[in-house]
Amino acid sequence: MADERSDERATTSVGGATGGRPGPSTPTGDPEGDPRVVVLVRAHCRTCDRMEGVVREICGRAGEEHAVVDVDGPDADPEWRAEYGDRIPVTLVDGVEVGSWRLEPDDLVRALAAGGTPR
């Protein structure tokens, strides 16, 4: 049975952060105006749901927006699919990978503080 949340990721604001299943206007890699944090996911992926939950919580606390991008979606960057497709879910901060399959909250906090470079 598919996880119902996979198609309805967080679309509400949590402490000022936004996220959710991307639509046509959702960022797909253009650095101009995109959120610093991007979670690359696939539909019906429970691990993706868990990672997005960690990102939503930490970004909410930090006042950072995040975007959720389905790498198989029509608006997804094909380079992301090629680069990260076999390691989904992946979290990027400022274009730098900070987590794949699993994300420790402290790693995301450090990456946000360091400008995308995990310490």
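Residues: numbered from 1 along the sequence shown.
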Quick one: [atom1] on [X] to [atom2] on [Y], what's the gap to the nearest 0.5 Å?
| X | Y | atom1 | atom2 | result |
| --- | --- | --- | --- | --- |
| Thr91 | Leu103 | OG1 | CG | 4.5 Å |
| Glu52 | His66 | CD | NE2 | 4.0 Å |
| Glu79 | Tyr84 | CD | OH | 10.0 Å |
| Asp72 | Ile88 | CG | CD1 | 8.0 Å |

| salt bridge (Lys or Arg N to Asp or Glu O under 4.0 Å) involving Arg87 - partner list, sequence neighbours excluded | Glu83, Glu97
| Carboxylate-amine/guanidinium contact Arg46 Asp49, below 4.0 Å | no
| Side chains of Val41 and Val69 in contact at under 4.5 Å (non-hydrogen atoms) | no
| message | I'd like to check Pro89 versus Trp101 (side-chain heavy atoms, cut-off strictly below 4.5 Å). Are they in contact? | response | yes
| field | Contacts of type side-chain contact (heavy atoms from CB on, under 4.5 Å), residue Pro78, not counting sequence neighbours | value | Arg81
| Residues in side chain to side chain donor-acceptor pair (under 3.5 Å) contact with Thr47, at least two apart in sequence or another chain | Arg50
| query | Asp106: what forms a side chain to side chain donor-acceptor pair (under 3.5 Å) with it, not counting sequence neighbours? | reply | none
| Option passing side-chain contact (heavy atoms from CB on, under 4.5 Å) with Val93 (candidates Val55, Leu108, Asp107) |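 Answer to the side-chain contact (heavy atoms from CB on, under 4.5 Å) test with Val93 among Val55, Leu108, Asp107: Leu108.
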| query | Quick one: which of Val96, Leu112, Leu92 gives a side-chain contact (heavy atoms from CB on, under 4.5 Å) with Arg36? | reply |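 Option passing the side-chain contact (heavy atoms from CB on, under 4.5 Å) with Arg36: Leu112.
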| request: Please lay out, stage by stage, how Trp80 and Val38 fare under the test side chain to side chain contact (heavy atoms under 4.5 Å, CB included). | output: CA-CA 11 Å; Trp80 281 355; Val38 176; 3.9 Å; yes
| query | Within the distance-only criterion (no hydrogens, no angle test), does the side chain of Arg42 pair as donor or acceptor with the backbone N or O of Gly85 below 3.5 angstrom? | reply | yes
